[in-house]
Amino acid sequence: MIDFTLTKGQQAARDYAHQVAVEEMRPIALECDRTEKIPESFFVSMQKRFWGGAAAQGRQQAQEDEERQSNVYSVLSQEEMAWGDAALSTAIPGPGLAAPPILSQGTPEQQARFLGPYLDGQLRWGALALTEPGIGSDVAGMSTTAVLDGDEWVLNGHKHYITNGARADIVVTFATIDKSLGREGIRPFVVPKGTPGQIVGRIEEKLGLRASQTAELIYENCRIPRDHLLSGRDEGKKAGFKAAMGTLDATRPMVGSLAVGIARAAYEATIAWLNEELPKGFPAHKRRTMEETLQELGQELEMARLLVWRAAWMADKRIPNSKEASMSKAYAGALVMKMTATAVQFTAPGENTERKQLIAKWFRDAKVFDIFEGTAQIQRLVIARRLFPGIDIP
């Protein structure tokens with residue numbers, strides 16, 4: 001029987017994340033967006049809250065008690081964090097997007113070696129380098145190369161749009177060992193910070209998520225040890241491409257949960273504006289139209305959340321979820337655009353209050369959720385291929 005009731009552990013994680021959003025994120029969101037900088041004190045606080053001593057042990061125990069439902073825990077927390085501020089959420093210390101490929105493709109020894117340091121109490125980040133200039137979401141067209149030279153891999157190529165790329169202690173970098181093999185030649189490699197030949201390029205100036213660091217990385221004869229190739233779980237020819245797709249199947253629901261969090265923040269703020277700031281003399285029939293629109297958007301918000309939960313639950317149960325992950329990301333990405341645009345339109349009258357400034361910020365932040373982790377067009381392609389497996393869909 002289907003049960004959407006959260007367990008005590010899940011509800012506790014959700015409540016804790018909301019507390020962090022209220023106390024640590026929302027108060028500094030506008031200033032961080034304006035300056036494109038995050039105070040060091042925020043990083044230190046987040047490190048203590050999520051990775052320090054008792055917090056880390058408590059999270060591990062909770063996940064063990066809940067059969068290690070790590071993806072469900074993540075989407076519950078990420079929605080609350082994005083409600084506080086999505087840009088700050090992506091900047092929290094931890095392995096970040098480096099973790100999924102290490103956990104799915106790394107050996108137990110590699111997992112301990114690369115992820116263990118994140119529990120030592122120091123400020124550390126991880127990153128994922130997948131996207132390249134000119135190929136966008138077409139992972140099969142990757143041009144970054146990895147050539148085995150004795151006991152070292154030599155990487156050459158160019159990656160961009162890497163969250164936390166300039167500060168990351170490790171970057172899981174996807175490269176091809178043989179371009180003629182297409183997607184079958186793709187492999188994931190762990191590149192530690194400071195490796196000679198790994199060059200940090202420009203830090204992007206963005207429309208939204210301005211406080212989130214987005215960098216480009218250039219690899220010029222970057223040498224890493226042979227055992228930094230993640231291939232412990234699957235030695236087949238398609239192992240690397242599966243790792244890339246498996247990473248996206250895990251992270252797309254996370255992106256969906258961030259979109260839901262921003263949409264919910266805008267939804268709640270618009271309702272509050274109608275109740276508290278609507279100018280006197282505003283036509284009653286226009287207010288009724290606004291209320292009806294918000295009622296419909298509230299339904300869509302619930303649908304987006306349930307799509308995210310299902311995709312995350314399937315990932316935890318090791319049930320193939322490519323279609324569901326794409327559905328959750330595509331639907332939530334479209335919803336957050338619609339919700340924030342509606343919020344901007346409805347709250348236009350009156351003074352430029354802090355609430356309206358946040359709504360404007362969320363509107364700018366929303367656009368990226370239609371783009372990263374695969375554009376809406378890519379999501380529809382993935383869904384179509386799963387719905388019609390016997391048809392060659394270009």
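Hydrogens, waters and symmetry mates are skipped; everything else that's a heavy atom, side chains included, is used.
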Nearest 0.5 Å, what's the [atom1]-[atom2] distance between [X] and [Y]?
X: T173; Y: Q198; atom1: OG1; atom2: CD; result: 6.5 Å
X: W362; Y: Y267; atom1: CH2; atom2: OH; result: 14.0 Å
X: L258; Y: D85; atom1: CG; atom2: CG; result: 10.5 Å
X: Q295; Y: L297; atom1: CD; atom2: CG; result: 9.0 Å
X: M46; Y: F43; atom1: CE; atom2: CZ; result: 10.5 Å
X: D151; Y: I224; atom1: CG; atom2: CD1; result: 12.5 Å

If Ile, Leu, Val, Met, Phe, Trp and Tyr residues are connected whenever their side-chain heavy atoms lie under 4.5 Å apart, and connections chain through other members, are [X] and [Y] in the same group?
X: I199; Y: V191; result: no
X: V336; Y: L358; result: yes
X: I359; Y: I262; result: yes
X: V382; Y: V255; result: no
X: L181; Y: L230; result: no

Intermediate values then yes/no, side-chain contact (heavy atoms from CB on, under 4.5 Å), Q111 and L103: CA-CA 6 Å; Q111 292 175 19; L103 291 172; 4.0 Å; yes
Which heavy-atom pair separates [X] from [Y] by the least distance, and what is that distance?
X: P117; Y: A112; result: CD-O, 4.1 Å
X: P188; Y: L229; result: O-CD1, 3.4 Å
X: P253; Y: S328; result: CA-OG, 3.8 Å
X: S326; Y: I383; result: CB-CG1, 3.8 Å
X: V171; Y: L128; result: CG1-C, 4.5 Å
X: P192; Y: H228; result: CG-CE1, 3.6 Å

Please check this pair: side chain of [X] against backbone of [Y], looking for a donor-acceptor N/O pair closer than 3.5 Å.
X: K193; Y: G126; answer: no
X: E324; Y: M314; answer: no
X: E132; Y: S143; answer: yes
X: Q213; Y: A166; answer: yes
X: R287; Y: L274; answer: yes
X: K329; Y: T251; answer: no
X: E31; Y: I28; answer: no
X: W125; Y: G96; answer: no

Passing option when D33 is tested against R364, Q357, K361 for side-chain hydrogen bond (donor to acceptor under 3.5 Å, both in side chains): R364
Given N164, T90, D365, the one that forms side-chain hydrogen bond (donor to acceptor under 3.5 Å, both in side chains) with S212: T90
Distance flag, aromatic centroids of W313 and F4, threshold under 6.0 Å: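 Centroid separation for F4 and W313: 6.0 Å or greater.
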Qualifying residues under side chain to side chain donor-acceptor pair (under 3.5 Å), relative to [X], sequence neighbours excluded:
X: T176; answer: none
X: K356; answer: none
X: E296; answer: none

Hydrogens and angles aside, do [X] and [Y] bring a side-chain donor and acceptor to less than 3.5 Å of each other?
X: N156; Y: T145; answer: no
X: Y219; Y: T144; answer: no
X: D15; Y: Q11; answer: yes

Over 12 non-hydrogen atoms of neighbours within 6.0 angstrom of CD in E109: yes
R226, CZ atom: more than 12 neighbouring heavy atoms under 6.0 Å: no
For H18, all residues meeting ring-ring contact (aromatic ring centres under 6.0 Å, His included), sequence neighbours excluded: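 Per chain and number, H18 pairs via ring-ring contact (aromatic ring centres under 6.0 Å, His included) with W83.
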Are [X] and [Y] close enough for a salt bridge, meaning some N to O gap below 4.0 Å?
X: R305; Y: E302; value: yes
X: E268; Y: R264; value: yes
X: R210; Y: E36; value: yes

Geometric class of the W51/Y118 ring pair [parallel <30°, tilted 30-60°, perpendicular >60°]: tilted
Which donor-acceptor pairs under 3.5 Å do side chains of residues 342-352 form with protein atoms, sequence neighbours excluded?
{"unit_1": "T342", "atom_1": "OG1", "unit_2": "K338", "atom_2": "O", "d": "2.8"}
{"unit_1": "T347", "atom_1": "OG1", "unit_2": "A343", "atom_2": "O", "d": "2.7"}

Indicate yes or no: at least one non-hydrogen side-chain atom of [X] is less than 4.5 angstrom from one of [Y].
X: I92; Y: M25; answer: yes
X: D227; Y: R113; answer: yes
X: Y331; Y: E300; answer: yes
X: F369; Y: M337; answer: no
X: M290; Y: T270; answer: no
X: L294; Y: M339; answer: yes
X: L88; Y: I38; answer: yes
X: P196; Y: R223; answer: no

side-chain contact (heavy atoms from CB on, under 4.5 Å) between N321 and R252, worked out: CA-CA 10 Å; N321 73 331; R252 281 169 177 164; over 6 Å; no
Residue list, salt bridge (charged side-chain N to carboxylate O under 4.0 Å, His left out) with R310, at least two apart or on another chain: none
Test log, rule side-chain contact (heavy atoms from CB on, under 4.5 Å), inputs V190 and Q110: CA-CA 10 Å; V190 177; Q110 287 177 320; over 6 Å; no
Partner of F189 under ring-ring contact (aromatic ring centres under 6.0 Å, His included), chosen from W153, F174, F114: W153
CA sep, side-chain torsions, deciding dist, call: M254, V75, side-chain contact (heavy atoms from CB on, under 4.5 Å): CA-CA 5 Å; M254 308 303 172; V75 298; 3.6 Å; yes
